[in-house]
Amino acid sequence: MMRQIVVLGGGTGGTLVANRLRQIFEPAEAQITVVDQDDVHVYQPGLLFVPFGLARADDIVRPRRRQLHDGIYTVISPIESVDIETNQVHLEDGITLDYDVLVVATGAVLVPEETDGLLGPGWNENTFTFYNLEGAGALAEKLASFEGGRVVVNVVDMPIKCPVAPLEFCFLADWYFRERGIREQVELIYATPLDGAFTKPAASNALAGLLEEKGVELITEFNTGAVDEAGGRLVSYDGREVPFDLAVIVPLHGGAPYVSRSPGLGDELNFIPTDDRTLQSRARPNIFVIGDAANIPASKAGSVTHFEGEVLCENVRRFLAGDELDASYDGHANCFIETGFKKALLIDFNYDTEPLPGHFPHTLGLPLLKESRLNHLGKLMFQWFYWHTLLPGRDIPGIPSAMPRGGKSVPAVATNE
Ligand SMILES: Cc1cc2nc3c(=O)[nH]c(=O)nc-3n(C[C@H](O)[C@H](O)[C@H](O)COP(=O)(O)OP(=O)(O)OC[C@H]3O[C@@H](n4cnc5c(N)ncnc54)[C@H](O)[C@@H]3O)c2cc1C
């Protein structure tokens, strides 16, 4: 019997899942349909490099359809809603899709309009974000003519995509202003809602040390209540103010808005309550969730999305076969952290183990929690792997989906609670 598998979102997770499922199911067994609102696939880690002239928008964008294997149907239309009672997806262009299995891969969206003062007349004048193509391009122009002043990088609130990206922005800004010979004229400030530079203690200490080394002031527990673009200041809920000449904002994130029009599917932030081991939604057993759309306690990162793919696709197969689900997704995340001057740090962790020193994926691999040229090359090479290995649904040779322990100095107490 031909099954209908509908994948909502054709970004990182939707593309790799559709391609993997096409390999698992014969064309006569399952029709696979991917829905996305546009045909523009952005390699989002590349957005970090655009403001500094290290990448152009053209370098990081490809047509979505070309990333999907033959035998996968694509529909380009915004999603209107999902009816979990009737197993139907309604699209804005009037089409209705029936499904036996639904995979939600609609990621996280930026909601700057939720913060007082953002998107005012100073937006893309003295207040920017590099979290989308338009913002990253506008910021590149601004930085090229910037002659000095206070540059404040601010995360409004968690969760955000790639929680290390704003730190990487600070490190690259230090490098960029030094290259231009104006570092003395620039004050760099990082204002975060967290109580340290990062969420995980060992990595947080290492990253705070790097900020200090590079002369970036760290302001913690700063919960941004408003951005006064005209007055050039961030105001926190507890009344603190941080003045700026140039603000680089990572706005609030939420799940895709159609989730709020789909009764029973999502939570109040429009993320989807999901089992963090099987990736099955809590809404219905025939709905699975991959990537940033899920509310699980893993980082919102492409690496996480990639590592989830294997378990999720296996569970779609098991669900349709009536078998018990595989509960082996361990929260594995792996992030290269660009630190400027052609160096990068690497962190690798999961739900139970925080980022630790050592080597990845084994004793002769890349250094962990330590700046190195090799890690920088790894960060650059990742773009090639993204288009040619990860999206087509292949495994990266030598990199398992579950967090590798060999090579790590794993003390008995190095676990997250
Ligand atoms: C600046 C930046 C730097 C990053 N750096 C890294 C990094 O170095 N390493 C790393 O691992 N990760 C990084 N990430 C995170 C990574 O890009 C995401 O975690 C990953 O893309 C998540 O995949 P996804 O499939 O969940 O979402 P996405 O890839 O964002 O895909 C979601 C898709 O859903 C579609 N969609 C949404 N709503 C609708 C709708 N209503 N109708 C139709 N379609 C819809 C969107 O158009 C999109 O194509 C970075 C992200 C940013 C922004």
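Both counts, for ligands and for their atoms, begin at 1 and track the order of listing.
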### Task
Please work out whether any backbone atom (N, CA, C, O) or any side-chain heavy atom from C-beta onward of Ala105 is under 4.0 Å from ligand 1, and answer side chain, backbone, both or neither.
backbone

### Task
Run the contact test for Cys335 against ligand 1 with a 4.0 Å cut-off on heavy atoms, strictly below, and give the result.
no

### Query
Applying a strict 4.0 Å limit to heavy atoms, is His41 in contact with ligand 1?
no

### Message
Heavy-atom count check: over 12 atoms from other residues, nucleotides or ligands less than 6.0 Å from Met158 CE?
### Response
yes

### Query
Does any N or O in the side chain of Ser372 come within less than 3.5 Å of the main-chain N or O of Asn375, such that one atom is a donor and the other an acceptor?
yes

#### Entry: Tyr258-ligand 1 polar pair, N/O distance under 3.5 Å
no

#### Entry: Nearest non-hydrogen protein atom, atom 27 (O) of ligand 1
Gly107 CA, 3.5 Å

### Query
Is the shortest N/O to N/O distance between Asn334 and ligand 1 below 3.5 Å?
no

### Message
Pairs of nitrogen or oxygen atoms closer than 3.5 Å, one from Gly13 and one from ligand 1: do any exist?
### Response
yes

### Summary
shortest atom 38 (N) of ligand 1-to-protein heavy-atom contact is with Ala256 CB, 3.6 Å

#### Entry: N/O separation below 3.5 Å, Val35 to ligand 1
no

### Task
Starting from atom 14 (N) of ligand 1, locate the nearest protein heavy atom and write down its residue, its atom name and how far away it is, to 0.1 Å.
Cys162 CB, 3.5 Å

### Summary
heavy-atom search around atom 15 (C) of ligand 1 in the protein gives Gly302 N, 3.8 Å

#### Entry: Shortest reach to atom 49 (O) of ligand 1 by a heavy atom, considering only Asp38, Ile79, Asn132, Asp36
Asp36

### Message
Would the distance check show the side chain of Arg394 and the main-chain N or O of Arg20 forming a donor-acceptor pair, the cut-off being under 3.5 Å?
### Response
no

### Message
Tell me the contacting part of Ser77 for ligand 1: side chain, backbone, both, or neither, using a 4.0 Å heavy-atom threshold, strictly below.
### Response
backbone

### Residue Gly291 vicinity, atoms of ligand 1 by number, heavy atom under 4.0 Å
26 (O)

### Query
Looking at atom 34 (O) of ligand 1, what's its closest protein heavy atom, distance included?
Thr106 CA, 3.4 Å

### Summary
The closest protein heavy-atom partner of atom 9 (N) of ligand 1 is Pro45 CG, 4.1 Å

#### Entry: Qualifying residue for side-chain contact (heavy atoms from CB on, under 4.5 Å) with Phe169, from Tyr190, Tyr176, Phe52
Phe52

### Task
For the pair Asp395 (side chain) and Pro397 (backbone), establish whether a donor and an acceptor sit closer than 3.5 Å, ignoring hydrogens and angles.
no

### Task
May I ask you to decide whether Arg150 forms a salt bridge with Asp245, counting only side-chain N to carboxylate O separations under 4.0 Å?
no

### Query
For Leu325, which of Val311, Asn315, Asp275, Leu279 qualifies under side-chain contact (heavy atoms from CB on, under 4.5 Å)?
Asn315

### Query
Counting heavy atoms only, which part of Lys379 comes closer than 4.0 Å to ligand 1: side chain, backbone, both or neither?
side chain

### Task
Indicate yes or no: does Glu80 engage Arg261 in a salt bridge with an N to O separation below 4.0 Å.
yes

### Query
Short list, please: which atoms of ligand 1 are under 4.0 Å from a heavy atom of Gly11?
29 (O), 31 (O), 33 (C), 49 (O)

### Query
Does any N/O atom on Gln44 come nearer than 3.5 Å to any N/O atom on ligand 1?
yes

### Message
Please check: side-chain N/O of Glu338 versus main-chain N/O of Ala344, any donor-acceptor pairing under 3.5 Å?
### Response
no

#### Entry: Cys335 backbone acceptor or donor facing Asp348 side chain under 3.5 Å
no

### Task
Identify, for atom 40 (C) of ligand 1, the protein heavy atom at the shortest distance, and state residue, atom and that distance.
Gln37 OE1, 3.4 Å

### Query
Identify the closest protein heavy atom to atom 18 (C) of ligand 1: which residue and atom is it, and at what distance?
Asp292 OD2, 3.3 Å

#### Entry: Expected output: side-chain Thr15 to main-chain Leu391 donor-acceptor under 3.5 Å
no

### Task
Would you mind checking if Asp326 and Arg277 are paired as a salt bridge, meaning a charged N to carboxylate O distance below 4.0 Å?
no

### Validation row, ring centre Phe271 to ring centre His253 under 6.0 Å
no

#### Entry: ligand 1 N/O within reach of Thr12 N/O, cut-off under 3.5 Å
yes

### Query
How does Thr305 reach ligand 1, if at all, at less than 4.0 Å between non-hydrogen atoms: by side chain, backbone, both, or neither?
side chain

### Query
Just by modelled atom types, is the Gln67 backbone N or O under 3.5 Å from a matching donor or acceptor in the Arg62 side chain?
no

